[in-house]
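Note that this is a predicted model, so its numbers are computed, not measured.
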Protein chains: 2
Amino acid sequence: MARKPQDAPMQQSLKALLGLRALVLQGGVEPGKRLSEIALSERLNVSRTPLRAALQRLEQEHLVELIPSGGYAVRRFTHQEAVDSIELRGTLEGVAARFAAERGVVPARLKAAWSIVHALDETLDSNPDSFDFSRYEQLNEDFHETLADLSGSDVIRREIARVTSLPFASPSAFTNTHVNVPGFLKTLTIAQSQHRAIISAIEMREGARAEALAREHARLARQTLDFVMEEKPDLRTRVPALTLLAV
Amino acid sequence: MARKPQDAPMQQSLKALLGLRALVLQGGVEPGKRLSEIALSERLNVSRTPLRAALQRLEQEHLVELIPSGGYAVRRFTHQEAVDSIELRGTLEGVAARFAAERGVVPARLKAAWSIVHALDETLDSNPDSFDFSRYEQLNEDFHETLADLSGSDVIRREIARVTSLPFASPSAFTNTHVNVPGFLKTLTIAQSQHRAIISAIEMREGARAEALAREHARLARQTLDFVMEEKPDLRTRVPALTLLAV
DNA sequence: ATTAAACATATTGTATACAATTTGTCAATC
DNA sequence: GATTGACAAATTGTATACAATATGTTTAAT
């Protein structure tokens, strides 16, 4: 679900924004070190002006921060900040679920949500050896985007989008952990049961339950984060969401 | 509580940001109309470069929006967006209160919070005719800022700051309504009882209660918003928070 | 009279030049 | 040898020039 219009003005600005964000997320630049504007503009083939616009925007996303002496640096996040960001996402998705339940959603959109849930079921019902990871990840992202939409509130939708722009707060942050951790598929099964329960609660107009479920669903991500950080610290370099986390 | 360092880079940028924000909030420019960069830069005595930085920042605050054909315009908000923003603030302050209760706060900070509550008591105990409105407003802002601090989470603190930058979502959005609406002091009394209850719940480590109270506290603002919009639409021009709201 | 097209004007988006700070280096002094 | 000072290089923050695009007006055609 790419968004071309509105989100970014023109060609060069967009190029700078996407390029810089990708560079930061892929760990292409050292956290803490000052980002040289001239070096970056040459690397991304844009002028300093659109580059600075991109830097300012990434500052709002908390991916880079202002340095007291001037300029920007890639942020390094603490474990606690990651935990709080996940809790924040859960809170916002909880509000989205409650709004959807309380205010109601048209049948067509509910049906669309169910179809995503059923598609997720299929990926998990298949032979574990032939589990289609990338399809699960895409469907999971679709589910969370749909949940934000079901809220019917642009305010909530926008805030969720902002918070999930942080890699470790994204709903798909740890879905690919299963590639490295045997038995992680179980976690996905639990997550899927929560997906189902959330949509079910929305359908039955059970606002409080929908909210509590969405919150708990996010805490599954926290659980995985804690596990990886404590038990498998070597994975930090292989799970993209964790490259920005300090030891 | 002005924040000079870190928040904005240099002199001209800061001047442009503060000047433009004030201009928009005071209704100095017509919502919907395109903001002319040259006109604004002359009006604020800054160059186009820092002005555009300010525009981009206000876009993140949702105060202005990109126009498809290019440039920015002052946003006009719907009643529903205001309602959702208030609910969002309540949700975030709820998380802050719960974090404070669950994770605990050092006695000194709790004591400081209580002293604000007691100071608020004093303003309300005084003779209604000599009610010191501006002092109440300042203390109320202090309370909400302290609540965000008590969370102990920079993530939450930052998000609250962002959301409350919208005038109608600010904790003090409607405190001056009492000047125009007789009997509104009663609402402030109710609000104050909630202030007390929130800090009390935090002190007793009652996380769920603290969260519920903070949410309900924000809904008092929604109540006032609805009242003003439905019963006293003429106040729209006199309550600063409402100048950006569409009829 | 109304619509459409072509042109002129104005405004944004981008690139770059300039000035003020900051950062790094080297030498002199304690 | 370490530390402080001055100086040089580099980098940011700001201003402005330029190009591409949008807007408004006039003119021509139906």
Review point. Hey, what's the ring geometry for A:His144 with A:His217, parallel, tilted or perpendicular (30° and 60° as the breaks)?
Key: parallel

Exercise for review: May I ask you to say whether B:Arg222 pairs ionically with B:Asp226, meaning some side-chain N is under 4.0 Å from a carboxylate O?
Suggested key: yes

Check your understanding: Starting at the 5' end of DNA chain C, which residue's closest nucleotide do you reach first, A:Pro50 or A:Gly70?
Key -> A:Pro50

Check your understanding: In whole angstrom, what separates A:Lys15's NZ from C:dG13's P?
Key -> 18 Å

Revision key, fill the gap. Residues of residues 32-41 of chain B with a heavy atom under 4.0 Å from any atom of DNA chain C, listed by number, are B:Arg34, B:Leu35, B:Ser36, B:Glu37, B:Ile38

Review point. What integer distance in Å separates B:Gln12:CD from C:dC18:C1'?
Key: 15 Å

Exercise for review: Look at all strands and tell whether B:Ser69 reaches a base, only sugar-phosphate, or nothing, counting heavy atoms closer than 4.0 Å.
Suggested key: sugar-phosphate

Check your understanding: What is the distance from CZ of B:Arg48 to C1' of C:dT14, rounded to the nearest Å?
Key -> 9 Å

Exercise for review: To the nearest Å, give me how far apart CZ (B:Arg52) and C1' (C:dT14) are.
Suggested key: 9 Å

Review point. If you measure only the distance, is there a donor-acceptor pair under 3.5 Å linking the side chains of A:Ser134 and A:Asp132?
Key: yes

Revision key, fill the gap. With A:Ser172 as partner, the option from A:Gln138, A:Glu137, A:Glu141 fulfilling side-chain hydrogen bond (donor to acceptor under 3.5 Å, both in side chains) is A:Glu141

Exercise for review: Report the distance from atom CD of A:Gln56 to atom C1' of D:dT12, rounded to the nearest whole Å.
Suggested key: 14 Å

Distance-only criterion, 3.5 Å: show the donor-acceptor pairs between side-chain atoms of residues 83-92 of chain A and protein atoms not counting sequence neighbours.
{"unit_1": "A:Asp84", "atom_1": "OD1", "unit_2": "A:Gln80", "atom_2": "NE2", "d": "3.0"}
{"unit_1": "A:Asp84", "atom_1": "OD1", "unit_2": "B:Arg103", "atom_2": "NH1", "d": "3.2"}
{"unit_1": "A:Asp84", "atom_1": "OD1", "unit_2": "B:Arg103", "atom_2": "NH2", "d": "2.9"}
{"unit_1": "A:Asp84", "atom_1": "OD2", "unit_2": "B:Ser153", "atom_2": "OG", "d": "2.7"}
{"unit_1": "A:Ser85", "atom_1": "OG", "unit_2": "A:Glu81", "atom_2": "O", "d": "2.8"}
{"unit_1": "A:Glu87", "atom_1": "OE1", "unit_2": "A:Arg219", "atom_2": "NE", "d": "3.2"}
{"unit_1": "A:Glu87", "atom_1": "OE2", "unit_2": "A:Arg219", "atom_2": "NH2", "d": "2.8"}
{"unit_1": "A:Glu87", "atom_1": "OE2", "unit_2": "B:Arg98", "atom_2": "NH2", "d": "2.7"}
{"unit_1": "A:Arg89", "atom_1": "NE", "unit_2": "A:Ala169", "atom_2": "O", "d": "2.5"}
{"unit_1": "A:Arg89", "atom_1": "NH1", "unit_2": "A:Glu93", "atom_2": "OE1", "d": "3.2"}
{"unit_1": "A:Thr91", "atom_1": "OG1", "unit_2": "A:Glu87", "atom_2": "O", "d": "2.8"}

Review point. Hey, does the side chain of A:Ser47 come within less than 4.0 Å of C:dT14's phosphate (OP1/OP2), counting only N and O?
Key: no

In residues 17-34 of chain B, what donor-acceptor pairs under 3.5 Å come from side-chain atoms, sequence neighbours left out?
{"unit_1": "B:Arg21", "atom_1": "NE", "unit_2": "B:Glu61", "atom_2": "OE1", "d": "3.3"}
{"unit_1": "B:Arg21", "atom_1": "NH2", "unit_2": "B:Glu61", "atom_2": "OE2", "d": "2.7"}
{"unit_1": "B:Arg34", "atom_1": "NH1", "unit_2": "B:Gly70", "atom_2": "O", "d": "3.1"}

